[in-house]
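All of these numbers come straight from a predicted model, not from anything done at the bench. Each chain gets a letter, A, B and so on, in the order the sequences are listed, and its residues count up from 1. Side-chain atoms are counted along with the backbone in the values below, which use heavy atoms only and exclude waters and symmetry mates.
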Amino acid sequence: MSKLGLSQDKINQARQEAKIVADHTQAFIDKHTTDSVERTIVRLLGVDGINEFDIPIPNLVVDFLKHHHDPSIGIAQMLAYYIKKHNTTLDDIVAKITKETLPPQTIEPLSKEEVKKQLFPYYEKQMKAIVAQRATRDKFKQMHKLDRPMLYVIVATGNIYEDVTQAKAAAKQGADVIAVIRTTGQSLLDYVPYGPTTEGFGGTYATQENFRIMRKALDEVSIQEQRYIHLVNYASGLCMPEIAAMGAIERLDMMLNDSLYGILFRDINMERTFIDQYFSRVISAYASITINTGEDNYLTTSDALQEAHTVLASQFINEQFALRAKMPPHLMGLGHAFEIDPTIEDGFLYEYAQALMAREIFPEAPLKYMPPTKHMTGDIFKGYAQNTLFNIITSTTNQSIHLLGMLTEAVHTPFMSDRYLAIENAKMINQTMKHFGDEITFKKDGKIQSRAQNVLHDAHKLIKDINKDGLFDSLSKGVFAGIKRTKDGGKGRLGVYQKDPSYANPIIDDMLDSLKEVN
Amino acid sequence: MSKLGLSQDKINQARQEAKIVADHTQAFIDKHTTDSVERTIVRLLGVDGINEFDIPIPNLVVDFLKHHHDPSIGIAQMLAYYIKKHNTTLDDIVAKITKETLPPQTIEPLSKEEVKKQLFPYYEKQMKAIVAQRATRDKFKQMHKLDRPMLYVIVATGNIYEDVTQAKAAAKQGADVIAVIRTTGQSLLDYVPYGPTTEGFGGTYATQENFRIMRKALDEVSIQEQRYIHLVNYASGLCMPEIAAMGAIERLDMMLNDSLYGILFRDINMERTFIDQYFSRVISAYASITINTGEDNYLTTSDALQEAHTVLASQFINEQFALRAKMPPHLMGLGHAFEIDPTIEDGFLYEYAQALMAREIFPEAPLKYMPPTKHMTGDIFKGYAQNTLFNIITSTTNQSIHLLGMLTEAVHTPFMSDRYLAIENAKMINQTMKHFGDEITFKKDGKIQSRAQNVLHDAHKLIKDINKDGLFDSLSKGVFAGIKRTKDGGKGRLGVYQKDPSYANPIIDDMLDSLKEVN
Amino acid sequence: MGYNLDNKIKDTNKNNKNILPYGDTMNDGKVQLSFTLPVKNDEKGYQAALKTAQNMTLENVMIADSITLEEEFTMYIAYGTLTNGVNYDDIHVEEAVKHTLSKDEIEEKIKLHFDKPIVVVGASTGTDAHTVGIDAIMNMKGFAGHYGLERYKGIDTYNLGSQVENEDLVQFAKDKNADVLLISQTVTQKDVHIKNLIHLIELLEAEQMRKDFLVIIGGARITGSLAKELGFDAGFGPKKFAEDVATFFVEELINQKSIKNQ
Amino acid sequence: MGYNLDNKIKDTNKNNKNILPYGDTMNDGKVQLSFTLPVKNDEKGYQAALKTAQNMTLENVMIADSITLEEEFTMYIAYGTLTNGVNYDDIHVEEAVKHTLSKDEIEEKIKLHFDKPIVVVGASTGTDAHTVGIDAIMNMKGFAGHYGLERYKGIDTYNLGSQVENEDLVQFAKDKNADVLLISQTVTQKDVHIKNLIHLIELLEAEQMRKDFLVIIGGARITGSLAKELGFDAGFGPKKFAEDVATFFVEELINQKSIKNQ
Ligand code: B12
Ligand code: B12
Ligand SMILES: Cc1ncc(COP(=O)(O)O)c(C=O)c1O
Ligand SMILES: Cc1ncc(COP(=O)(O)O)c(C=O)c1O
């Protein structure tokens with residue numbers, strides 16, 4: 001029974017509208033591919049490394065397709081064709097492309113079965129590696145099941161080795177999840193940097209080697225602490241599916257993954273990123289990686305009291321996108337946030353209503369709940385109290401992924417001591433208020449119930465409107481975070497291609513085949 | 001309706017038992033007087049000042065009675081007798097006593113009417129002054145009625161002038177109540193120091209001049225801020241009623257006043273302080289001064305989870321003592337505290353239960369709710385979060401006197417900035433959680449309801465036991481805070497006298513006459 | 001013994017030549033600190049923490065708490081007394097805006113002194129994606145109850161949003177014949193903002209356009225002094241709103257005109 | 001320009017000769033400060049706050065917030081970099097107790113070395129009314145899961161409670177033929193505890209009884225070094241329990257005996 005008096009009918013209607021929004025967009029997605037989707041295929045075939053100018057090999061391979069062929073046939077066609085034609089190995093073809101010694105030929109497309117036949121031996125290895133990682137994680141997690149929100153902290157030193165020091169300290173203090181924040185601007189790079197890195201602004205480069213270094217360190221702590229420590233990075237920006245693939249291989253556990261975030265906050269072209277997102281979510285579903293969506297960010301830009309319904313509307317849509325990628329609900333870390341101005345009368349009640357509403361509407365989703373950021377100031381003491389309020393709601397409404405607020409949010413990326421204080425606070429609240437949420441019920445049609453009901457109502461209305469205009473046009477009207485983005489604008493638009501009838505991506509086909517139908 | 005499912009029957013029974021406890025003690029009180037009661041009479045006759053050795057004149061006058069007469073007749077008899085006999089003024093007699101020029105004579109007791117007749121002209125002035133102060137306060141308070149707990153902070157610099165600076169700053173930041181903490185050890189002095197003082201350990205001497213200086217400063221801020229700023233001091237220790245009288249004259253608004261505190265934590269003789277307390281409460285009732293009782297202190301010594309019922313039992317008893325002094329419930333600032341170890345599972349729920357329980361059982365009392373102190377550490381950040389939890393309960397259970405916790409509780413007496421942070425925190429909670437308390441109800445027989453019911457049950461049982469043994473004997477068994485005090489032990493015992501049949505105290509008679517019956 | 005048994009503060013009068021921190025008594029010099037040392041949480045670590053605070057010239061240091069963050073990292077919370085004060089009378093500051101005018105007053109001034117609208121171009125530049133600050137200054141609805149410049153009569157505004165390259169900004173400003181450039185910078189890690197801002201100044205100078213616009217910067221960590229130091233006309237930090245910056249540029253533009261007219 | 005555009009920390013290896021505070025990178029020297037100045041909350045106050053932090057030898061000072069407490073009082077929250085580290089290798093501490101024994105081990109030792117019980121007298125002395133600390137050490141039930149001395153076999157305890165005059169304590173100890181005195185001090189304002197503790201030592205020396213007992217002090221602000229400095233045998237602060245002090249006095253009494261026996 002809903003503690004908030006939410007109407008299940010209304011929820012169903014909103015979900016139904018969102019389904020239509022997603023279906024329309026999916027129709028578009030299915031007809032297209034992108035540079036990064038193709039590079040992802042290359043990576044999943046086992047191709048990695050950089051050339052002497054630091055250009056990643058997957059980029060070189062896809063560039064070859066674009067320069068000498070029609071990208072609409074897809075990289076799988078091309079590679080299968082050359083392998084078959086030359087009767088050689090993938091490595092050989094890739095090496096030739098890299099050394100610029102492969103003479104371009106006119107490709108006569110193979111049948112999809114043939115493409116798969118040529119490539120299967122290569123991608124099978126990665127697919128198996130991913131399945132093995134999934135099993136390792138599952139086994140690890142049997143060790144210690146959590147009956148409370150996972151404590152999630154970020155590290156952001158810019159240096160992967162210093163990140164390791166910080167991450168281990170945090171894990172030993174009680175953090176369950178470590179997110180390695182990416183350096184400013186990586187999302188706009190149309191390639192993935194390579195190797196271990198020690199330089200970054202406000203974050204560390206997402207590279208496969210960095211993933212590996214951190215994974216290894218956290219596995220060590222997991223064993224020491226007898227508690228699985230989750231690793232998070234960002235499958236977002238122009239390389240969304242590539243990073244998803246890298247994460248799947250290196251056993252990341254969560255990935256920030258939301259094209260709406262990229263569109264709105266990174267000005268990434270919407271067509272590009274919706275297509276990328278689809279493949280990235282299939283990969284994450286296959287790897288059993290939890291995604292984190294970015295609706296919380298709407299409230300850092302717009303007013304959290306006025307715009308709460310946009311968060312809910314977007315969550316409904318994001319849920320449908322995930323379902324289309326055969327992602328089960330228990331991997332959908334839908335995002336929301338505690339961002340109401342603390343000087344507003346009864347602001348806490350509205351936050352409580354919203355948080356519990358999300359919990360009731362998405363009962364299986366591992367909700368990602370974000371701490372106050374916008375109204376944090378240089379007054380670190382006050383900030384610590386704001387975080388306490390946030391922790392109370394997180395704990396008592398049973399959110400799943402508890403992103404810990406830092407008292408120094410408005411000052412700097414976290415110091416080791418800031419993170420400690422955040423963990424200490426969350427632990428104290430979890431303990432002293434353990435069953436508070438179970439104990440309380442709310443006045444019928446009081447401020448809390450009404451707030452939740454109104455937000456649901458407004459969200460439903462908004463999704464209906466989006467449905468009317470279509471998602472792309474709605475985005476150009478600024479429905480989310482008041483930010484307007486056009487269909488043709490934004491970064492990465494040139495990397496989008498309509499698929500040729502001969503287009504093939506055997507990997508996504510295989511992944512989808514092995515995933516259960518979920519909606 | 002009780003949100004906690006408390007049985008009104010049970011409450012009535014506990015109250016009834018407490019009434020019997022108080023009645024027995026009152027029978028003892030009525031038959032006795034003390035040095036400080038007598039000095040209080042002298043003060044209320046308008047006698048003040050010190051001699052060349054800094055000894056207060058009221059002490060000299062009472063000492064004269066003790067050295068040359070039988071103290072059991074009371075100072076009023078003596079003074080009335082000398083005035084009449086010498087056909088002179090009080091001033092003249094007092095001057096002679098001070099200069100040691102009054103030859104002691106054998107006193108033939110006057111009738112009580114005659115005593116009153118002789119003394120009325122003198123004490124009338126003070127009585128009128130007190131009534132005028134009461135009116136001034138009432139008028140002031142009309143200006144701005146509070147619909148939330150009063151924010152109460154302490155100043156404790158040791159120097160009255162620095163205290164003024166701190167007090168004004170706090171008031172401007174939003175404090176409603178300023179308590180000037182007393183210097184360590186003043187409660188054990190058997191006289192009240194005189195004049196403005198600038199030296200004290202952990203607090204400032206309570207002197208009439210200091211009261212006046214602070215009152216004046218706070219009146220200025222009250223006018224500036226259009227909000228009445230309350231002044232608090234301590235009518236406790238060996239000079240309890242004298243300080244009550246001084247406070248009444250100087251328009252203090254609250255007085256910490258609880259003989260149980262003195263007995264347990266100051267080792268003051270129990271007979272002495274119960275007698276003193278009675279007169280002090282009559283004076284405070286007459287002056288419409290709110291008293292604050294000290295049950296909170298039990299939990300700083302004993303375990304807050306185990307001993308919660310001792311607080312409630314003591315509140316019931318204190319209520320009855322106050323009623324016997326014709327103090328109306330709206331002046332009974334019964335004390336309790338938030339002192340459960342924050343690492344205990346569901347501690348917050350128990351605190352919530354207890355605070356709301358006090359509110360429900362004493363609906364008219366301006367409850368004084370004390371912040372965490374015992375489990376505060378040098379980790380000022382954690383302390384700030386503990387205070388946030390405390391503020392939440394204070395605000396949402398509608399306590400009346402909100403004693404703000406200091407993040408530096410375990411470090412030092414408050415800095416100006418500590419106080420600011422405390423006020424800022426309380427204001428934020430009051431605002432963001434304004435109607436949270438109204439919105440929530442509790443699971444029937446859940447952890448919160450059960451806790452409250454159990455505490456009430458245990459308190460009732462304890463009062464019954466106290467009744468069986470008598471209050472004095474119970475105290476010697478260590479019923480409160482685990483501290484054992486004997487009837488004959490403690491400081492100030494020698495200052496207790498059985499009253500002679502001729503004993504007179506026309507001031508208390510007049511005060512009681514003018515007070516309405518309240519129980 | 002080393003203990004001053006009478007450590008009352010000798011002079012509790014405020015002295016502008018030697019302003020000291022204030023705990024609860026004038027000139028008591030009280031300061032709160034916290035820091036982490038890469039040491040074990042033991043007696044030796046405690047001594048290291050004491051010395052660290054003493055290295056900051058603090059006396060009477062009290063370590064209020066020592067908290068184990070990791071085997072070899074301990075956080076200390078401390079209080080101490082600073083005896084070396086600041087000569088307040090010696091501090092001379094030049095504030096960009098002495099008295100902020102109201103929106104009405106600003107509009108009035110513009111009407112009086114300009115016959116065409118003042119053109120203002122704003123952006124969050126470089127890799128910086130934070131727009132809330134520049135929006136607070138420029139957007140119609142403003143921020144915290146202060147309307148943005150878009151709503152001002154007599155001001156034409158162009159808000160280019162975030163991640164704008166300096167080159168693009170300058171080109172745009174030239175095209176629009178701008179009077180004022182407003183640059184917002186939020187990310188300051190590793191002084192990325194300084195690099196970006198210096199680059200802008202160099203660009204303007206290279207193109208000999210530095211004098212063509214008032215160039216004003218803002219952001220959470222921007223101060224007037226920093227702006228001046230880097231070669232900008234003014235800088236505005238937190239708790240500054242449209243009327244603050246508008247007061248500055250309107251008055252400054254009027255000044256410049258009157259100088260030219262002389 | 002004055003800006004170090006490449007302010008990466010040169011050496012991120014831990015150096016025991018120069019231990020620096022740690023923010024998020026070894027040797028970054030980061031320190032958090034807060035303090036109040038008796039100045040207005042304006043640009044001039046901001047400069048005064050900067051200089052105050054610089055007076056503490058901090059570099060790269062960032063004033064994170066300035067908060068008006070009163071017209072003429074402003075609180076500053078700041079971060080800065082300390083470059084002057086501590087020579088950790090140079091710190092030598094002598095801990096009263098190296099390895100704390102368990103209750104059982106202590107009782108075992110007593111049984112082995114003493115043929116009558118060790119007599120321990122404790123009190124909170126002077127004007128100090130705080131008993132929770134001394135009770136934590138002495139009472140049966142102990143504190144935070146550590147039993148108090150009363151429960152130890154082979155130890156006879158007398159807890160005199162609070163506000164005990166030094167004279168009374170010494171008299172009592174003499175009467176009971178005590179081996180160990182335990183003194184708790186909580187109130188430290190204006191060094192009232194130092195005065196009281198010095199008085200006790202003087203008293204014992206005057207009566208030529210200083211050597212008759214082990215005299216141990218404890219309390220929230222007591223450290224081993226302070227105890228030594230004042231002339232006590234040991235001092236114990238927060239997070240110390242009955243077994244810590246018992247380990248100390250049992251081993252110390254055994255030592256003394258063996259010295260006498262030689
Ligand atoms: C909202 C926010 C975001 C949003 C931005 C959304 C948007 N549309 O702007 C999102 C989620 C996208 C975001 C992303 C990132 N952020 Co961010 N973000 C914030 C946050 C929470 C609030 C900033 C804000 O909006 N404040 C409110 C506005 C009104 O204040 P303001 O900007 O100071 O503006 C006022 C004044 O400064 C002035 N002003 C500002 N500009 C100008 C210009 C002129 C001309 C004038 C006159 C005045 C003026 O007027 C305004 C009103 O008074 C802060 C933390 C915090 N609480 O400060 C972190 C913060 C700024 N972000 C930070 C970081 C590191 C990032 C990321 C780099 C993280 C990452 N690695 O992914 C990314 C990438 C961003 C990038 N490349 O720039 C750090 C910066 C650390 C530092 N000092 O370098 C902060 C401090 C958080 C932290 N502690 O780590 N962020
Ligand atoms: C409880 C308490 C009281 C209770 C005491 C009840 C009682 N029966 O003891 C009451 C309410 C009576 C009280 C009164 C006062 N208090 Co008081 N009180 C506290 C409080 C909240 C907790 C202290 C405590 O019990 N801690 C728990 C115990 C277990 O810790 P501990 O004492 O440190 O003991 C441990 C170790 O230190 C060690 N230890 C202690 N003693 C010994 C001895 C030996 C031999 C050994 C080996 C070890 C040892 O072992 C213990 C276990 O690890 C503190 C604030 C705080 N959170 O610290 C203020 C505090 C101590 N009080 C303070 C003050 C000022 C007062 C008053 C003077 C206020 C006033 N003006 O009225 C009065 C008067 C007291 C007086 N004359 O002494 C100040 C002291 C400031 C200072 N440093 O000088 C504090 C810090 C509060 C504050 N911020 O203002 N207080
Ligand atoms: C959903 C989502 N994706 C990505 C990011 C950040 O990624 P980028 O590195 O692209 O700024 C965020 C940051 O908050 C996010 O919420
Ligand atoms: C009821 C009560 N009386 C008195 C006091 C303190 O008074 P004294 O100055 O006697 O220590 C307190 C302190 O907490 C108290 O709670």
Side-chain angles (χ1 to χ4, degrees), chain A residues 156-158 165-173 181 183-188 199-203 221 261 264-267 297 300-303 306 341 343 373-381 407-413 415-421 423-424 481-485 489 491, chain C residues 32-38 41 49 65-78 123-136 139-145 159-165 185-196 219-221 223 237-239:
Chain A
T157 67
T165 306
Q166 308 270 330
K168 284 175 132 177
K172 287 187 201 163
Q173 288 155 15
I181 299 290
T183 180
T184 301
Q186 183 176 354
S187 47
L188 302 185
E199 308 270 300
F201 293 100
V221 192
Y261 172 85
L264 299 168
F265 300 97
R266 286 298 182 189
D267 197 11
N297 296 287
T300 63
T301 306
S302 298
D303 182 79
Q306 304 302 314
D341 184 338
T343 65
T373 62
K374 187 178 184 178
H375 296 286
M376 295 290 280
T377 65
D379 182 347
I380 56 176
F381 298 101
L407 77 170
T408 51
E409 168 62 29
V411 186
H412 51 227
T413 45
F415 286 176
M416 187 190 273
S417 54
D418 299 338
R419 223 178 277 110
Y420 166 82
L421 291 172
I423 294 170
E424 178 182 49
I483 299 172
K484 298 176 182 159
R485 301 295 187 195
K491 284 132 190 149
Chain C
Q32 175 269 327
L33 298 176
S34 74
F35 53 84
T36 299
L37 296 181
N41 187 2
D65 213 348
S66 64
I67 301 167
T68 306
L69 302 188
E70 242 254 17
E71 286 101 291
E72 292 276 344
F73 287 98
T74 305
M75 176 181 181
Y76 297 92
I77 297 176
S124 174
T125 61
T127 55
D128 207 314
H130 293 85
T131 56
V132 181
I134 188 75
D135 289 350
N139 282 8
M140 196 64 86
K141 81 171 174 190
F143 190 73
N159 181 348
L160 306 187
S162 68
Q163 299 179 316
V164 176
E165 295 297 342
Q185 291 284 271
T186 302
V187 179
T188 59
Q189 249 147 359
K190 305 201 178 161
D191 285 333
V192 61
H193 65 309
I194 308 270
K195 285 178 218 174
N196 182 41
R221 302 258 87 88
T223 61
K239 298 174 207 163

Side-chain heavy-atom pair C:Arg221, A:His412 within 4.5 angstrom cut-off = no
task = Find the distance between OG (C:Ser34) and CD1 (A:Ile380) and round it off to the nearest 0.5 Å.
result = 6.0 Å
Heavy-atom proximity to chain C below 4.5 Å, by part of A:Ile423 = neither
request  = Under 4.5 Å heavy-atom distance to chain C, tell me which part of A:Ala170 shows up: side chain, backbone, both or neither.
outcome  = neither
Under-4.0 Å salt bridge between C:Glu70 and A:Lys168 = no
key: Part of C:Phe35 lying under 4.5 Å from any heavy atom of chain A   = neither
remark   = Turns out that what part of C:Thr127 lies under 4.5 Å from chain A's heavy atoms comes down to both
ask   = What distance separates A:Phe201 CZ from C:Lys195 NZ, expressed to the nearest 0.5 Å?
value = 4.0 Å
message = As an exercise, state the distance from CD of A:Gln173 to OG1 of C:Thr68, rounded to the nearest 0.5 Å.
response = 9.5 Å
key: Residue pair C:Phe73 / A:Thr165, side-chain heavy-atom distance below 4.5 Å   = yes
key: Minimum-distance pair of heavy atoms, taken over all atoms of A:Ser417 and C:Met75   = CB-SD, 3.6 Å
message = What part of A:Thr413 gets within 4.5 angstrom of chain C, counting heavy atoms only: side chain, backbone, both, or neither?
response = both
Atom pair OG1/CG of A:Thr184 and C:Asp128 - distance to nearest 0.5 Å = 8.0 Å
query = Rounded to the nearest 0.5 Å, how far apart are CG of C:Leu69 and CZ of A:Phe415?
reply = 12.5 Å
request  = Could you tell me which portion of A:Arg266 (side chain, backbone, both or neither) has an atom closer than 4.5 angstrom to a non-hydrogen atom of chain C?
outcome  = both
message = Let me confirm one number: the CD1-CG distance from C:Ile67 to A:Leu421, rounded to the nearest 0.5 Å.
response = 6.5 Å
task = Could you tell me which portion of C:Glu72 (side chain, backbone, both or neither) has an atom closer than 4.5 angstrom to a non-hydrogen atom of chain A?
result = neither
